[in-house]
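Have a look at the structure below, then the notes.
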Amino acid sequence: GEDVEQSLFLSVREGDSSVINCTYTDSSSTYLYWYKQEPGAGLQLLTYIFSNMDMKQDQRLTVLLNKKDKHLSLRIADTQTGDSAIYFCAENTDKLIFGTGTRLQVFP
Amino acid sequence: ETGVTQTPRHLVMGMTNKKSLKCEQHLGHNAMYWYKQSAKKPLELMFVYNFKEQTENNSVPSRFSPECPNSSHLFLHLHTLQPEDSALYLCASSLVSSGTPVTGELFFGEGSRLTVL
(Lines give C-alpha, C1' and ligand atoms only; values in the text may rest on other atoms or scores of the structure.)
Protein backbone atom coordinates (compact mmCIF):
# COMPACT_ATOMS: atom_id res chain seq x y z
CA GLY A 1 0.00 0.00 0.00
CA GLU A 2 0.92 3.66 -0.06
CA ASP A 3 3.21 4.64 2.77
CA VAL A 4 5.50 7.57 3.49
CA GLU A 5 8.00 7.33 6.35
CA GLN A 6 10.01 10.00 8.12
CA SER A 7 11.92 10.27 11.35
CA LEU A 8 10.03 12.20 14.01
CA PHE A 9 12.66 14.61 15.30
CA LEU A 10 15.77 16.46 14.20
CA SER A 11 17.77 18.93 16.26
CA VAL A 12 20.44 21.17 14.72
CA ARG A 13 22.55 24.14 15.71
CA GLU A 14 21.82 27.49 14.13
CA GLY A 15 24.00 28.00 11.05
CA ASP A 16 24.46 24.28 10.40
CA SER A 17 22.78 22.36 7.58
CA SER A 18 19.69 20.28 8.25
CA VAL A 19 18.86 17.15 6.30
CA ILE A 20 15.40 15.68 6.58
CA ASN A 21 14.87 12.27 5.03
CA CYS A 22 11.81 10.49 3.71
CA THR A 23 11.05 7.15 2.08
CA TYR A 24 7.98 6.41 0.03
CA THR A 25 6.50 3.32 -1.54
CA ASP A 26 4.60 4.25 -4.70
CA SER A 27 6.97 4.39 -7.65
CA SER A 28 4.25 5.88 -9.86
CA SER A 29 4.27 9.16 -7.94
CA THR A 30 4.70 11.95 -10.45
CA TYR A 31 5.53 14.62 -7.91
CA LEU A 32 6.99 14.55 -4.42
CA TYR A 33 6.51 17.39 -2.00
CA TRP A 34 7.82 19.03 1.11
CA TYR A 35 5.31 20.91 3.24
CA LYS A 36 6.15 23.03 6.28
CA GLN A 37 3.93 23.47 9.34
CA GLU A 38 4.84 26.30 11.67
CA PRO A 39 3.51 26.30 15.26
CA GLY A 40 -0.23 26.90 15.40
CA ALA A 41 -0.59 26.92 11.64
CA GLY A 42 -1.64 24.65 8.83
CA LEU A 43 0.70 23.12 6.30
CA GLN A 44 2.19 25.21 3.51
CA LEU A 45 3.89 23.92 0.38
CA LEU A 46 7.62 24.52 0.68
CA THR A 47 8.92 22.92 -2.49
CA TYR A 48 8.33 19.99 -4.80
CA ILE A 49 10.23 17.87 -7.30
CA PHE A 50 9.07 16.17 -10.45
CA SER A 51 9.79 12.46 -10.51
CA ASN A 52 12.12 12.66 -13.53
CA MET A 53 14.48 15.00 -11.67
CA ASP A 54 17.29 14.04 -9.31
CA MET A 55 17.79 17.37 -7.66
CA LYS A 56 16.14 20.72 -7.26
CA GLN A 57 17.66 23.76 -5.62
CA ASP A 58 15.75 26.78 -4.40
CA GLN A 59 17.84 29.29 -2.42
CA ARG A 60 18.71 27.57 0.88
CA LEU A 61 16.69 24.47 0.01
CA THR A 62 18.00 21.45 -1.88
CA VAL A 63 15.76 18.50 -2.67
CA LEU A 64 17.38 15.21 -3.65
CA LEU A 65 15.42 12.34 -5.15
CA ASN A 66 16.67 8.77 -5.47
CA LYS A 67 13.95 6.95 -7.40
CA LYS A 68 15.67 3.60 -7.24
CA ASP A 69 15.64 3.63 -3.45
CA LYS A 70 12.41 5.68 -3.23
CA HIS A 71 14.24 8.14 -1.02
CA LEU A 72 13.63 11.88 -0.83
CA SER A 73 15.58 14.38 1.22
CA LEU A 74 15.36 18.06 2.03
CA ARG A 75 18.52 19.94 2.89
CA ILE A 76 18.28 23.36 4.50
CA ALA A 77 21.54 25.29 4.37
CA ASP A 78 22.47 27.78 7.10
CA THR A 79 19.53 26.72 9.26
CA GLN A 80 17.89 29.57 11.17
CA THR A 81 15.63 29.59 14.24
CA GLY A 82 12.77 30.56 11.95
CA ASP A 83 13.17 27.20 10.23
CA SER A 84 11.93 25.46 13.38
CA ALA A 85 8.76 23.69 12.28
CA ILE A 86 7.37 20.32 11.28
CA TYR A 87 8.32 19.23 7.76
CA PHE A 88 6.06 16.80 5.93
CA CYS A 89 7.05 14.70 2.96
CA ALA A 90 4.21 13.76 0.57
CA GLU A 91 3.84 11.65 -2.55
CA ASN A 92 1.23 12.26 -5.19
CA THR A 93 -0.49 9.39 -6.95
CA ASP A 94 -4.19 10.16 -7.30
CA LYS A 95 -4.15 11.85 -3.91
CA LEU A 96 -1.54 13.24 -1.57
CA ILE A 97 -0.13 10.78 0.97
CA PHE A 98 1.73 12.44 3.83
CA GLY A 99 4.29 11.14 6.28
CA THR A 100 4.32 11.69 10.05
CA GLY A 101 6.25 14.92 9.73
CA THR A 102 9.74 15.62 11.11
CA ARG A 103 9.92 18.18 13.88
CA LEU A 104 13.00 20.33 13.30
CA GLN A 105 14.34 22.13 16.35
CA VAL A 106 17.03 24.76 15.84
CA PHE A 107 19.06 25.79 18.85
CA PRO A 108 21.47 28.75 19.14
CA GLU B 1 -3.77 34.61 5.49
CA THR B 2 -3.99 31.27 3.73
CA GLY B 3 -7.43 31.74 2.21
CA VAL B 4 -8.76 28.74 4.11
CA THR B 5 -10.48 29.56 7.39
CA GLN B 6 -11.44 27.03 10.02
CA THR B 7 -13.70 27.52 13.03
CA PRO B 8 -13.59 26.95 15.88
CA ARG B 9 -9.83 26.89 16.48
CA HIS B 10 -10.32 24.94 19.71
CA LEU B 11 -13.16 22.68 20.78
CA VAL B 12 -13.65 20.63 23.94
CA MET B 13 -16.55 18.22 23.96
CA GLY B 14 -17.91 15.31 25.93
CA MET B 15 -18.48 11.93 24.37
CA THR B 16 -22.23 12.49 24.17
CA ASN B 17 -22.10 15.96 22.61
CA LYS B 18 -22.83 16.91 19.02
CA LYS B 19 -20.69 19.62 17.48
CA SER B 20 -19.53 20.73 14.04
CA LEU B 21 -16.31 22.00 12.54
CA LYS B 22 -16.52 24.53 9.74
CA CYS B 23 -14.16 25.29 6.87
CA GLU B 24 -14.42 28.05 4.30
CA GLN B 25 -12.17 28.77 1.33
CA HIS B 26 -12.04 31.93 -0.79
CA LEU B 27 -9.54 30.70 -3.36
CA GLY B 28 -11.93 29.58 -6.07
CA HIS B 29 -10.91 25.95 -5.59
CA ASN B 30 -13.15 23.06 -6.55
CA ALA B 31 -11.94 20.40 -4.11
CA MET B 32 -11.93 20.31 -0.32
CA TYR B 33 -10.44 17.87 2.16
CA TRP B 34 -10.52 16.88 5.80
CA TYR B 35 -7.30 15.58 7.37
CA LYS B 36 -6.65 14.33 10.90
CA GLN B 37 -3.29 15.15 12.50
CA SER B 38 -2.31 13.08 15.54
CA ALA B 39 1.05 13.04 17.27
CA LYS B 40 3.57 10.58 15.83
CA LYS B 41 1.17 9.40 13.12
CA PRO B 42 1.05 10.21 9.40
CA LEU B 43 -1.31 12.95 8.39
CA GLU B 44 -4.50 11.01 7.74
CA LEU B 45 -6.82 11.81 4.85
CA MET B 46 -10.43 11.47 5.99
CA PHE B 47 -12.71 12.84 3.26
CA VAL B 48 -12.40 14.41 -0.17
CA TYR B 49 -15.01 16.43 -2.02
CA ASN B 50 -14.56 17.23 -5.70
CA PHE B 51 -17.11 19.67 -7.12
CA LYS B 52 -19.23 19.16 -3.96
CA GLU B 53 -19.36 15.39 -4.48
CA GLN B 54 -17.71 13.10 -1.94
CA THR B 55 -15.07 11.10 -3.76
CA GLU B 56 -13.12 9.65 -0.87
CA ASN B 57 -14.03 8.23 2.51
CA ASN B 58 -10.99 6.63 4.04
CA SER B 59 -12.77 4.13 6.29
CA VAL B 60 -13.72 6.90 8.67
CA PRO B 61 -16.12 5.92 11.49
CA SER B 62 -19.69 7.08 11.04
CA ARG B 63 -19.43 9.29 14.14
CA PHE B 64 -17.71 11.70 11.72
CA SER B 65 -20.14 13.03 9.12
CA PRO B 66 -18.96 15.46 6.42
CA GLU B 67 -21.12 17.93 4.56
CA CYS B 68 -20.22 20.07 1.56
CA PRO B 69 -23.12 22.38 0.66
CA ASN B 70 -21.10 24.24 -1.98
CA SER B 71 -17.55 24.37 -3.28
CA SER B 72 -16.55 27.04 -0.74
CA HIS B 73 -17.79 25.43 2.46
CA LEU B 74 -17.07 22.17 4.20
CA PHE B 75 -18.35 20.90 7.53
CA LEU B 76 -17.42 17.99 9.76
CA HIS B 77 -20.26 16.98 12.04
CA LEU B 78 -19.20 15.19 15.21
CA HIS B 79 -21.29 13.02 17.53
CA THR B 80 -20.60 10.40 20.20
CA LEU B 81 -16.86 10.78 19.75
CA GLN B 82 -14.22 8.85 21.68
CA PRO B 83 -11.21 10.24 23.56
CA GLU B 84 -8.91 8.79 20.85
CA ASP B 85 -10.58 11.15 18.37
CA SER B 86 -8.80 14.05 20.07
CA ALA B 87 -6.54 15.55 17.40
CA LEU B 88 -5.98 18.53 15.15
CA TYR B 89 -8.44 18.47 12.24
CA LEU B 90 -7.15 20.22 9.17
CA CYS B 91 -9.19 21.40 6.23
CA ALA B 92 -7.57 21.94 2.85
CA SER B 93 -8.61 22.95 -0.63
CA SER B 94 -7.12 22.67 -4.09
CA LEU B 95 -7.81 23.10 -7.77
CA VAL B 96 -8.41 19.75 -9.43
CA SER B 97 -8.82 18.45 -12.92
CA SER B 98 -10.36 15.01 -13.37
CA GLY B 99 -10.14 14.55 -9.62
CA THR B 100 -6.37 15.05 -9.35
CA PRO B 101 -4.85 18.23 -7.89
CA VAL B 102 -3.59 20.27 -10.84
CA THR B 103 -0.32 21.17 -9.19
CA GLY B 104 -0.50 18.89 -6.19
CA GLU B 105 -0.61 21.92 -3.95
CA LEU B 106 -3.10 21.83 -1.15
CA PHE B 107 -3.91 24.98 0.78
CA PHE B 108 -4.50 24.28 4.44
CA GLY B 109 -6.38 26.06 7.17
CA GLU B 110 -4.87 26.47 10.62
CA GLY B 111 -6.83 23.57 12.00
CA SER B 112 -9.38 22.91 14.72
CA ARG B 113 -7.87 21.41 17.87
CA LEU B 114 -10.43 18.93 19.22
CA THR B 115 -10.33 17.48 22.73
CA VAL B 116 -12.82 14.76 23.64
CA LEU B 117 -13.28 14.20 27.37
Side-chain angles (χ1 to χ4, degrees), chain A residues 1-10 20-26 28-53 56 58 63 65 70 72 85-105, chain B residues 1-10 21 23-25 27 29 31-50 54-59 74 87-113:
Chain A
E2 300 155 327
D3 196 16
V4 177
E5 294 190 356
Q6 305 177 238
S7 55
L8 291 177
F9 298 101
L10 177 65
I20 303 171
N21 294 302
C22 167
T23 57
Y24 61 97
T25 54
D26 196 328
S28 67
S29 296
T30 51
Y31 289 93
L32 293 134
Y33 304 86
W34 286 103
Y35 278 76
K36 178 182 180 183
Q37 183 182 32
E38 296 186 353
L43 282 69
Q44 282 193 295
L45 181 65
L46 190 61
T47 187
Y48 65 92
I49 188 167
F50 190 50
S51 59
N52 69 353
M53 298 170 65
K56 179 179 180 181
D58 183 2
V63 179
L65 175 60
K70 299 191 182 71
L72 184 73
I86 302 175
Y87 291 82
F88 287 87
C89 170
E91 61 175 347
N92 185 19
T93 52
D94 60 341
K95 58 190 176 187
L96 281 188
I97 304 296
F98 288 88
T100 57
T102 300
R103 183 179 295 274
L104 174 65
Q105 183 176 27
Chain B
E1 174 60 52
T2 65
V4 179
T5 305
Q6 290 188 242
T7 54
R9 292 293 309 279
H10 300 272
L21 306 181
C23 177
E24 191 171 353
Q25 59 96 2
L27 300 169
H29 290 163
M32 297 187 77
Y33 311 77
W34 280 116
Y35 281 87
K36 178 182 179 182
Q37 184 178 7
S38 304
K40 301 182 183 178
K41 292 184 180 179
L43 199 61
E44 180 185 339
L45 178 63
M46 300 175 72
F47 301 104
V48 180
Y49 279 82
N50 288 331
Q54 185 176 317
T55 58
E56 186 100 19
N57 177 340
N58 255 12
S59 303
L74 184 66
L88 182 68
Y89 289 85
L90 291 165
C91 173
S93 69
S94 71
L95 199 59
V96 299
S97 174
S98 302
T100 301
V102 172
T103 63
E105 182 173 7
L106 268 57
F107 292 77
F108 284 84
E110 294 177 321
S112 293
R113 172 73 61 187

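A, B, ... follow the sequence lines: proteins, then strands. Residue 1 opens every chain.
In this structure, Y33(B) OH and L96(A) CG are separated by 7.0 Å, a value rounded to the nearest 0.5 Å. Distance check, rounded to the nearest 0.5 Å: CD1 of I97(A) to CG of L45(B) gives 6.5 Å. Q37(B) CD to F98(A) CZ: the interatomic distance, rounded to the nearest 0.5 Å, is 10.0 Å.
Neither the backbone nor the side chain of R113(B) comes within contact range of chain A, judged by heavy atoms closer than 4.5 Å. Of the atoms belonging to K40(B), heavy atoms from both backbone and side chain fall under 4.5 Å from chain A. Residue L8(A) touches chain B through its side chain alone, counting heavy-atom pairs closer than 4.5 Å.
Listed by chain and residue number, K36(A) satisfy the side chain to side chain donor-acceptor pair (under 3.5 Å) test with E38(A) (two or more places apart in sequence, or in another chain). In terms of the side chain to side chain donor-acceptor pair (under 3.5 Å) criterion, Q25(B) has no residue partners (sequence neighbours excluded).
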Begin with the C-alpha distance, continue with both residues' side-chain angles, and end with the deciding distance and a verdict on side-chain contact (heavy atoms from CB on, under 4.5 Å) for L106(B) and Y35(A). CA-CA 10 Å; L106(B) 268 57; Y35(A) 278 76; 3.8 Å; yes

Intermediate values then yes/no, side-chain contact (heavy atoms from CB on, under 4.5 Å), L43(B) and Q37(A): CA-CA 12 Å; L43(B) 199 61; Q37(A) 183 182 32; over 6 Å; no

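Counting heavy-atom pairs closer than 4.5 Å to chain B, the top residue among A90(A), G42(A), G101(A) is G42(A).
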